Number of protein chains: 2
Amino acid sequence: MKQEQRNTGLDRETVVRKLREHGITPTQQRVEIATVLFERPQHVCADQVLAQVNAVESLVSKATVYNTLGLFAKKGLIREVLVDPARLFYDSNMIPHHHMYHTDSGMLEDVAPGQVQLGALPEVPEGMVIEGVDVVIRVRRI
Amino acid sequence: MKQEQRNTGLDRETVVRKLREHGITPTQQRVEIATVLFERPQHVCADQVLAQVNAVESLVSKATVYNTLGLFAKKGLIREVLVDPARLFYDSNMIPHHHMYHTDSGMLEDVAPGQVQLGALPEVPEGMVIEGVDVVIRVRRI
DNA sequence: TTCTGTGCTAGACTTTGTCTAAACGCAATA
DNA sequence: TATTGCGTTTAGACAAAGTCTAGCACAGAA
């Protein structure tokens, strides 16, 4: 794999710092993937990340993309979004928010948390903690 | 395929009526599948339905199970539940409710709608309607 | 230098779900 | 009774997302 920096808005140092802040050892491959993820706020699946990372030249393998996305999600750098039964999406926007999913087009939109009033959550069983609350508003053409 | 009735709580006529009420032609296979789904309120994936339907003798093919579950969901007889990235679950309980998902065990629990106060929903784009709002509370062991 | 642990990789593999082409079933018609 | 037609079912091939395995590379410690 090459050492050159990808031409992007986010510089390498910022990405490396971000990884370190989340307890992730910043390897070449992880930095490449993180750079793609944070180029712009977006919803992506593993396949798209793989394609974007390797767009110019082959930098990262499929296994590493899957492993890395899983690691990033576990470490709280990105968030899994379950809307499409066929594939798992990842959201690089960690500011709390919900989603609106267009079932006919597959489009996924962010919904500001203020736009959905989520009140009292139910009791959580003893010894359990809430990992997250996902709200997905499914919409379609009339 | 055999004509015998499965030994269950719900009788065939009730199931047939239920299918008709949802505009579904009640074929032998569809009745078998619906019977399994409504034996008790439960969350099942296609694989489990396939196994349960064919537990005693081969009654329904894989393709038909998948097609039928899709049809039932489209017609509003059952509901798709997206919690596990690896497989699609179906919920035969159509009374509005939410879900609590145990990420470490894969267990899926119902949450009464009253336990989550969902307030004002966001504006829906022109020409679109809300198909449903899914709330999933992900919990895990401390 | 050798050992140990972590990360990366190609490619095989698994699993869920879809597709296809043929056969079936049943009702309506002749 | 035979025929036609349409929706349904089927076995098995297929597709696609994601996981696993075994080996290699590299860095730090002994």
Side-chain angles (χ1 to χ4, degrees), chain A residues 1-4 15-16 19-20 22-36 43-54 57-75 77-78 80-90 103 106 108, chain B residues 1-4 15-16 19-20 22-36 43-54 57-75 77-78 80-90 103 106 108:
Chain A
M1 98 144 246
K2 290 287 205 61
Q3 309 292 322
E4 296 146 23
V15 174
V16 168
L19 292 183
R20 288 229 167 83
H22 285 83
I24 299 164
T25 309
T27 65
Q28 288 294 337
Q29 290 84 345
R30 289 172 182 168
V31 172
E32 290 297 336
I33 292 169
T35 301
V36 164
H43 306 105
V44 284
C45 60
D47 229 48
Q48 293 173 298
V49 173
L50 185 63
Q52 280 187 56
V53 165
N54 298 321
E57 50 183 329
S58 187
L59 298 174
V60 187
S61 74
K62 188 174 89 164
T64 299
V65 168
Y66 277 93
N67 289 341
T68 302
L69 290 174
L71 177 71
F72 284 4
K74 204 181 85 184
K75 295 289 191 177
L77 191 67
I78 59 177
E80 291 184 347
V81 186
L82 276 157
V83 285
D84 183 338
R87 81 195 85 241
L88 186 52
F89 280 86
Y90 293 92
T103 52
L108 186 58
Chain B
M1 102 144 247
K2 291 286 203 63
Q3 310 291 322
E4 294 145 24
V15 173
V16 168
L19 292 183
R20 288 230 167 84
H22 285 82
I24 299 163
T25 309
T27 65
Q28 289 292 337
Q29 289 86 343
R30 288 171 183 169
V31 171
E32 289 299 336
I33 292 169
T35 300
V36 164
H43 306 106
V44 284
C45 61
D47 230 46
Q48 294 172 298
V49 173
L50 185 62
Q52 281 188 54
V53 164
N54 298 320
E57 52 184 327
S58 187
L59 297 174
V60 187
S61 73
K62 187 174 89 164
T64 299
V65 168
Y66 278 93
N67 289 341
T68 302
L69 290 173
L71 177 71
F72 285 4
K74 204 181 83 183
K75 295 289 191 176
L77 191 68
I78 60 177
E80 290 182 349
V81 186
L82 276 158
V83 284
D84 182 339
R87 82 195 85 242
L88 186 52
F89 280 86
Y90 292 93
T103 52
L108 186 59

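The chains referred to below are lettered A, B, ... by the order of the sequence lines, with proteins before strands, and numbering in each begins at 1. As the structure is a prediction and not an experimental result, all values here were calculated from the model. Values below: all heavy atoms of this structure, side chains included; hydrogens, waters and symmetry mates excluded.
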*Asks:* For B:Leu88 and C:dT15, give me the distance from atom CG to atom C1', rounded to whole Å.
*Replies:*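 Distance, rounded to whole Å: 14 Å.
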*Asks:* Return the 5'-most residue of the pair B:Thr68, A:Ala63 with respect to DNA chain D, ranking by each residue's nearest nucleotide.
*Replies:*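 The 5'-side residue here is B:Thr68.
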*Asks:* Examine distances only and state if a side-chain atom of A:Gln48 and a backbone atom of A:Cys45 form a donor-acceptor pair shorter than 3.5 Å.
*Replies:*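 It does hold such a pair.
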*Asks:* Assign A:Thr27 to base, sugar-phosphate, or nothing according to its heavy-atom contacts below 4.0 angstrom with the strands shown.
*Replies:*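 If one applies the 4.0 Å heavy-atom cut-off, A:Thr27 turns out to touch the sugar-phosphate alone, with no base involved.
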*Asks:* Can you measure A:Gln48 atom CD to D:dG18 atom C1' for me and round it to whole angstrom units?
*Replies:*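 For the pair A:Gln48 CD and D:dG18 C1', the rounded distance is 15 Å.
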*Asks:* Mind checking the CD-CD1 spacing from A:Gln52 to A:Ile33? Nearest 0.5 Å is all I need.
*Replies:*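 Reported value, rounded in 0.5 Å steps: 11.5 Å.
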*Asks:* Can you tell me how far C1' of D:dG12 sits from CG of B:Leu50, to the nearest Å?
*Replies:*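 Spelled out: CG on B:Leu50 to C1' on D:dG12 is 14 Å.
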*Asks:* Are B:Arg87 and D:dA17 close enough that a side-chain N or O sits under 4.0 Å from OP1 or OP2?
*Replies:*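 Answer no for this pair, as no side-chain N or O of B:Arg87 is under 4.0 Å from OP1 or OP2.
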*Asks:* Between B:Gln29 and D:dT10, is there a side-chain N or O to OP1/OP2 distance below 4.0 Å?
*Replies:*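 So the side-chain polar atoms of B:Gln29 do come within 4.0 Å of the phosphate oxygens OP1 or OP2 of D:dT10, strictly under.
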*Asks:* Measure CD/B:Gln28 against P/C:dC24 and give the value in whole Å, please.
*Replies:*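 Rounded to the whole Å, the gap is 17 Å.
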*Asks:* Report the nucleotide, chosen from C:dG17, C:dT9, D:dT9, that has the shortest atom-to-atom distance to any side-chain atom of A:Val60.
*Replies:*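 So the nucleotide nearest the side chain must be C:dT9.
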*Asks:* Think B:Thr64 has a side-chain N or O under 4.0 angstrom from the OP1 or OP2 of D:dT9?
*Replies:*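 Negative; the distance criterion is not met.
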*Asks:* Of the nucleotides D:dG12, C:dG17, C:dA10, which one has an atom closest to the side chain of B:Ala46?
*Replies:*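 Nucleotide nearest to B:Ala46's side chain: C:dG17.
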*Asks:* Do the side chain of B:Ser58 and the main chain of B:Asn54 share a donor and acceptor less than 3.5 angstrom apart?
*Replies:*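 Here the side-chain-to-backbone pair does not exist.
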*Asks:* Contact between B:Tyr90 and B:His43 at the side-chain level, heavy atoms closer than 4.5 Å - yes or no?
*Replies:*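 B:Tyr90 does not reach B:His43 side chain to side chain.
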*Asks:* Would you mind reading off the distance between A:Leu71 atom CG and C:dT6 atom C1', rounded to a whole angstrom?
*Replies:*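 Distance check: A:Leu71 CG to C:dT6 C1' gives 12 Å.
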*Asks:* For D:dG12, does the base pair up with any side-chain atom of B:Lys62 as donor and acceptor (N or O, under 3.5 Å, distance only)?
*Replies:*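 Flag unset: no donor-acceptor pair detected.
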*Asks:* For B:Asn67 and C:dT16, what is the distance between atoms CG and P respectively, to the nearest whole Å?
*Replies:*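 Computing the B:Asn67:CG to C:dT16:P distance gives 17 Å.
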*Asks:* Please determine if a side-chain N or O atom of B:Tyr66 lies less than 4.0 Å away from the OP1 or OP2 oxygen of C:dT18.
*Replies:*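 No, no such contact exists.
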*Asks:* For the pair made of CD1 in B:Ile24 and P in D:dT9, what is the distance, rounded to whole Å?
*Replies:*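 In whole Å, D:dT9 P lies 11 Å from B:Ile24 CD1.
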*Asks:* Checking side chain to side chain contact (heavy atoms under 4.5 Å, CB included) against B:Val53, which of B:Thr64, B:Val36, B:Thr68 comes through?
*Replies:*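 By the side chain to side chain contact (heavy atoms under 4.5 Å, CB included) criterion, B:Val53 pairs with just one of B:Thr64, B:Val36, B:Thr68: B:Val36.
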*Asks:* Which whole-number value in Å describes the distance from A:Glu32 CD to C:dG7 P?
*Replies:*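 Taking atom P of C:dG7 as the reference, CD of A:Glu32 is at 17 Å.
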*Asks:* Given C:dG7, D:dT9, D:dC20, which nucleotide is nearest the side-chain atoms of B:Arg30?
*Replies:*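 Nearest to the side chain of B:Arg30 among the choices is D:dT9.
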